[in-house]
Structure formats: C-alpha cells, structure tokens
Asks: 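The structure follows.
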Amino acid sequence: MIDRIQTWLDLHPRTRFTGRATTATVAALLYIGIFTVAYGVLGVVAAGLIIAVVHLAGALAFTSVDAVWGAWTAFVGLGAIVGAIIGLIRALLRVVRDDPDERRSRTIIARDLVAQAVVARRIGAETVALQLGILGGGDMRWSYTVRLNGGPSTADQAYDRLTVQLANPSLVAGTDFRVDEQRRSWFAEISATAEEIIIHRAVEGSAAADISSVIASAAQRARAILAETDGLFMTAIESELRTAGSIRSARFHALLGSAVESPATAEALF
C-alpha cells in the first residue's frame, strides 16, 4: 500500500512537494511556538532574578504594596515579552535557513545533487536518494552493500566517496565570494578523503601515491562518467527534483533507466 502511494506521488511531483511543504509548515509552527514560549519563560526567570537582586541590595522606598507589586509584575511581563520576541526571531532564522552555510540557489543545488547522484549510481550505488530543502539546502544520500569477502577494499570505498565529492559542478563554478567560502569547506573534505585513501593503500601494501594524483584520478573518473550521460536527461531529473522537492531511490533508478547500467569501477582509473 505504501509503495503504491509512493509510486503515485512519484507521478505527481507537485503533490509530493505540497505534502512536504505542509508537513514542514506545521512542524515549523510547532517549533516556533515551543521556542517562543521557552524563551518567554527564560525572560520571566531573568526578570525575577533581577528583582531578587534589587530586593537583596536594600529596601525599596514605596508608597504602597500595590504600587511595588504592580511595578514588579510589569517588569516580569516585560521580561516575558522580550524573551518571547528573541525566541521568535531565533526560531524563524532556524526555520528559514535549513543550512546557514548554504550559499547556492535552489536550481544550482539541484544540478549539483543530480550530477553527484548519477556518478554515485555509475560507480555501483544501490540506493540513491535526493532531497531539496523547502527554502534552501539539499542532500544526496547513497550507499552500496559492502561484502566482507570479494568486495571493494577500504581504500576503494574511500575512492568512490572522493569521486562523488568531485562530481559537484560548483567546485569549478564562477567567482561568487559567498560560494567560495562554502567551496573551501568542500576542499577540506576532499583533501581529508584523499589522505584517507593514501593511508589505507599504504596499510594494504599498495603502491604509494600523493594527494594530488589521487584527486586528479578521481576527478577524471567523475568527468568521464558525466560526459557519458545525456545532459538533457540530467536536466529532466533536475526539473523533477525542483518540482517534487525529493526523489526517492526507486524513482531515481526508474528515471535513470538503462543509461547507466554498467558501473565505472575504481580499478579503471585508479
């Protein structure tokens, strides 16, 4: 039953996106409400502590108990209001920006994710799922079954990850200083993966290699895979991803069809 519903949603991407947006909106409203109330309570506590400190500092001159009590009550109320406003602002910022470090437009994110997903499928990924944020951000998850005997070595697995990382077209995109800042974090992750490959290959007794040659080899592998894939075909997948907001693994495999049946192995270039 669930699979039939998912299949129907695959054929109606706008409905899938509307459902995701509705769910996200309800969750965001609950999150904002809880966050606002929590900060309001913190505001009351802060105001109460201030009153306690002032009271301990010395007796206050007042004309009547009602006057002082009214002033204190107003101060506590003000603390609640200020705390609630701060909580509301922080909650809205968290909801609006799924990933505060993301600098790409939704269209560019879809292009990058699809390119990486195609490469992941070609190198043997069994599950590939893509998802865009409602307002920004995105994620591409992929995996394959690793056999204990006869499967890819630890170095080959890391090399596959590096290949997918280098399939991101934004790595060599124009000069946007905001994206450049984000690109530096990608470079750090790529360098770490390349170092991991070298270490594993050394432990396994393979021939030594340097980081630059490993990265160049993986980049060549990713470019070769993308060059063999029809650009119009990838554009169609990007369009559906932007419309639906997500593409589950079964749908991605169905869209990809027989265009990427033969996986590109690590041994071919590495």
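Throughout, numbering of the chain's residues begins at 1 and tracks the sequence.
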Asks: With a 4.5 Å limit on heavy-atom distance, are the side chains of Ile123 and Tyr159 in contact?
Replies: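 With C-beta onward as the side chain, the pair stays apart.
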Asks: Any side-chain to backbone donor/acceptor pair from Ser249 onto Val128? Under 3.5 Å, distance only.
Replies: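 Between the backbone of Val128 and the side chain of Ser249 there is a qualifying donor-acceptor contact (under 3.5 Å).
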Asks: Run the side-chain contact (heavy atoms from CB on, under 4.5 Å) test on Leu226 and Met234 for me, step by step, so that the C-alpha distance in whole Å, both residues' side-chain angles and the decisive distance to 0.1 Å come before the verdict.
Replies: CA-CA 9 Å; Leu226 292 175; Met234 293 179 62; 4.0 Å; yes
Asks: Could you state whether Leu166 and Phe187 fall into the same hydrophobic cluster, counting links through intermediate Ile, Leu, Val, Met, Phe, Trp or Tyr residues with side-chain heavy atoms under 4.5 angstrom apart?
Replies: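 Yes, because Leu166 and Phe187 connect within a single hydrophobic cluster, where side-chain heavy atoms sit under 4.5 Å apart.
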Asks: Can a salt bridge be assigned to the pair Arg161 and Asp156 using a cut-off of 4.0 Å between side-chain N and carboxylate O?
Replies: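 Salt bridge between Arg161 and Asp156, a charged N being under 4.0 Å from a carboxylate O: no.
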Asks: Under 3.5 Å, is there a donor-acceptor pair between the side chain of Arg183 and the main chain of Leu171?
Replies: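 A pair under 3.5 Å: yes.
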Asks: Do side-chain atoms of Ser217 reach the backbone of Ser213 as a donor and acceptor pair under 3.5 angstrom?
Replies: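 Not a single qualifying donor-acceptor pair exists.
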Asks: Tell me whether Gln131 contacts the main-chain N or O of Ser246 through its side chain, where contact means a donor paired with an acceptor under 3.5 Å.
Replies: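 Checking the backbone N and O of Ser246 against the side chain of Gln131, no donor-acceptor pair under 3.5 Å is found.
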Asks: Side-chain contact test, heavy atoms from C-beta onward, threshold under 4.5 Å: evaluate it for Phe233 versus Val114 and give yes or no.
Replies: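 Side chain of Phe233 against side chain of Val114, heavy atoms only: no contact under 4.5 Å found.
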Asks: Please tell me whether Arg201 and Ser153 have a donor and an acceptor in their side chains that are separated by less than 3.5 angstrom.
Replies: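 There is no such pair (donor and acceptor under 3.5 Å, judged by atom type) between the side chains of Arg201 and Ser153.
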Asks: Give the intermediate values and the outcome of side chain to side chain donor-acceptor pair (under 3.5 Å) for residues Thr145 and Glu126.
Replies: CA-CA 7 Å; Thr145 301; Glu126 297 170 358; 2.9 Å; yes
Asks: Please find the pair of heavy atoms, one from Ala125 and one from His253, that lie closest to each other, and give the distance.
Replies: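 Smallest interatomic distance, heavy atoms only, reads O-CE1, 4.3 Å.
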Asks: Going by salt bridge (charged side-chain N to carboxylate O under 4.0 Å, His left out), name the residues that satisfy it together with Arg141, two or more places apart in sequence or in a different chain.
Replies: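 Applying salt bridge (charged side-chain N to carboxylate O under 4.0 Å, His left out) to Arg141 gives Asp139.
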Asks: Just so I know, are the side chains of Arg221 and Asp160 near enough to count as touching, which here means a heavy-atom distance under 4.5 Å?
Replies: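 Yes, close enough: below the 4.5 Å cut-off.
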Asks: Under a single-linkage definition using a 4.5 Å side-chain heavy-atom cutoff for Ile, Leu, Val, Met, Phe, Trp and Tyr, are Ile108 and Leu130 assigned to the same hydrophobic cluster?
Replies: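 The answer is no; the residues belong to distinct hydrophobic clusters.
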Asks: Short question: side chain of Arg242, backbone of Ala110 - any donor-acceptor pair under 3.5 Å?
Replies: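 The answer is no, because no donor-acceptor pair under 3.5 Å joins these two groups.
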Asks: Is any side-chain heavy atom of Trp142 less than 4.5 Å from a side-chain heavy atom of Arg121?
Replies: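 In short, these two side chains do not touch, never coming nearer than 4.5 Å.
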Asks: Got Arg122 and Val119 here, is their nearest side-chain heavy-atom distance under 4.5 Å?
Replies: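 No - every pair of side-chain heavy atoms lies 4.5 Å or more apart.
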Asks: Quick one: CD1 on Ile247 to CD on Glu238, what's the gap to the nearest 0.5 Å?
Replies: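 Going from the CD1 atom of Ile247 to the CD atom of Glu238 covers 9.5 Å.
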Asks: In sequence, state the C-alpha distance, the side-chain angles, and the governing distance for Val118 and Phe252, and then conclude on side-chain contact (heavy atoms from CB on, under 4.5 Å).
Replies: CA-CA 9 Å; Val118 168; Phe252 180 77; 4.3 Å; yes
